[in-house]
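Working notes, structure below.
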Amino acid sequence: MRIAAAQLTCVPADIPANVRQAAALAEQARHQGADLLLLPELALTGYELGALAGDPGLLVDADDARLDVLRAGARRHGIAVVVNAAVTGGGPGTRPAIGTFVYGPDGELVTTYLKQHLYEQEHSLFAPGDQDGRFELGGVGFALATCYDSHFPDLAARAAADGCQVYLASALYGTGDGIRERAAVYPRIAESTGLLVALANHVGPSGPWTGCGRAAVWAPGGGLLAEADDRTPMVVTAEAVHRRRPGPVGERPTAYGPA
């Protein structure tokens, strides 16, 4: 099971353009032997909260036709894709959320996770989730997190307690304090929980921030396995060797954990 963590420079509020970028990164990741691609927070629009507040058309659901290119790429290349976006609420009058969709290598939805710990200005636009994100692929158990989630140690601790082996974080860390936070938080999660930790980030402008790049994967214990640079849209890959149960890498993924 090989994991790819991506970084990209989003086209502001342009879902089709960013879906094409994501699909290209999925192809790149598969060519590097990856079985799963992790994309950063709000990868379909960039961190454009003003645009998201003013245009409901920038919200997506798991079956949104604008994601067809990405789902088709997952099927064509046989790679699972973890994509984070601003997602529609549960019904009329409900607020949207920051959600992660996991598509299997057959392009079908495996599970959805909603960010639980919103950051500052996100509270005015989004509703928080209240369930942990879990799924299994190739015998490996995965936990999902979105950026500020990772600043709450109980979330990663629950993932380890649930028997996960890999912690996937879609994020936006900017230059300045973001560089320090990114470098401190994720190796600490790997060290304290024994999870393999993958981080996807933005590189370059994203709303009010400038993403600092350096998408990375850390081994259980905190050692750095792979790291991108601070300027180039790209993927980095590393092997996840722990297995939850015997099973072929190409098997159909399943969601598990709390209902």
Side-chain angles (χ1 to χ4, degrees), residues 1-6 8 15-41 43-44 59-88 97 99-114 129 131-146 159 162-170 196 198 200 215 217 235-259:
M1 169 61 63
R2 195 162 190 85
I3 310 298
L8 75 162
I15 291 175
N18 294 317
V19 166
R20 289 192 295 272
Q21 284 200 75
L25 289 169
E27 181 177 9
Q28 180 181 334
R30 191 60 179 147
H31 286 166
Q32 294 182 29
D35 303 291
L36 178 146
L37 171 68
L38 174 67
L39 292 160
E41 184 176 23
L44 301 186
L59 306 177
V60 299
D61 59 34
D63 298 321
D64 195 303
R66 291 171 292 182
L67 299 181
D68 285 352
V69 170
L70 185 57
R71 289 189 292 262
R75 283 193 299 272
R76 183 166 58 253
H77 301 296
I79 187 169
V81 177
V82 180
V83 57
N84 185 275
V87 305
T88 54
T100 297
F101 300 136
V102 179
Y103 297 104
D106 57 2
E108 297 298 317
L109 182 70
V110 176
T111 194
T112 299
Y113 169 70
L114 304 182
Q131 306 248 350
D132 291 336
R134 305 281 186 269
F135 70 99
E136 190 173 293
L137 174 63
V140 176
F142 291 85
L144 296 166
T146 306
D162 285 346
C164 298
Q165 286 85 46
V166 180
Y167 182 93
L168 301 175
S170 300
L196 183 139
V217 184
V235 300
V236 294
T237 69
E239 194 74 20
V241 297
H242 295 287
R243 300 181 67 79
R244 182 179 178 84
R245 59 170 175 77
V249 166
E251 72 179 311
R252 179 75 175 94
T254 57
Y256 70 95

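Residue L114 holds its CG atom at 11.5 Å from CG of D132, rounded to the nearest 0.5 Å.
Using a 4.5 Å heavy-atom threshold, the side chains of L144 and T111 count as touching. In this structure, V83 and L70 have side chains that are in contact, with non-hydrogen atoms separated by less than 4.5 Å. Residues V82 and L39 are not in side-chain contact: their nearest non-hydrogen atoms beyond the backbone lie 4.5 Å or more apart. Taking the side chain as every heavy atom from C-beta outward, R134 and C164 approach each other to under 4.5 Å. For the pair L25/V81, no side-chain contact is recorded, criterion being any heavy-atom separation below 4.5 Å from C-beta on. In this structure, the side chains of L37 and V235 come closer than 4.5 Å at one or more pairs of heavy atoms. In this structure, I15 and V60 have side chains that are in contact, with non-hydrogen atoms separated by less than 4.5 Å. When side chains are defined from C-beta on, Q165 does not count as touching L196, because their heavy atoms never get closer than 4.5 Å.
When every heavy atom of L137 is checked against every heavy atom of A80, the shortest pair comes out as CD2-CB, 3.8 Å. Pairing each heavy atom of V217 with each of A5, the nearest pair is CG2-CB, 4.3 Å. Closest approach of A74 and G104 over heavy atoms only: CB-O, 3.8 Å. Nearest heavy-atom pair, L8 versus P40, reported as atom, atom and distance to 0.1 Å: CD2-CG, 3.1 Å. Pairing each heavy atom of E239 with each of R2, the nearest pair is OE1-NH1, 3.2 Å. Contact record, A143 with A159: CB-CB, 3.4 Å, taken as the closest heavy-atom pair.
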Hey, mind stepping through I3 and L168 against side chain to side chain contact (heavy atoms under 4.5 Å, CB included) and telling me if it holds? CA-CA 9 Å; I3 310 298; L168 301 175; 4.2 Å; yes
Verdict with reasoning, V102 to L109, per side chain to side chain contact (heavy atoms under 4.5 Å, CB included): CA-CA 6 Å; V102 179; L109 182 70; 5.7 Å; no
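The closest donor-acceptor contact from the side chain of N18 to the backbone of L44 lies under 3.5 Å.
Among residues at least two apart or in separate chains, side-chain hydrogen bond (donor to acceptor under 3.5 Å, both in side chains) pairs with a member in residues 23-32 are R30-D35.
Among Y113, F101, F142, Y103, the one residue that satisfies the ring pair (Phe, Tyr, Trp, His ring centres under 6.0 Å) test with F135 is F142.
Not a single salt bridge (Lys or Arg N to Asp or Glu O under 4.0 Å) links R20 to another residue, sequence neighbours left out. D61 pairs by the salt bridge (Lys or Arg N to Asp or Glu O under 4.0 Å) definition with nothing, not counting sequence neighbours.
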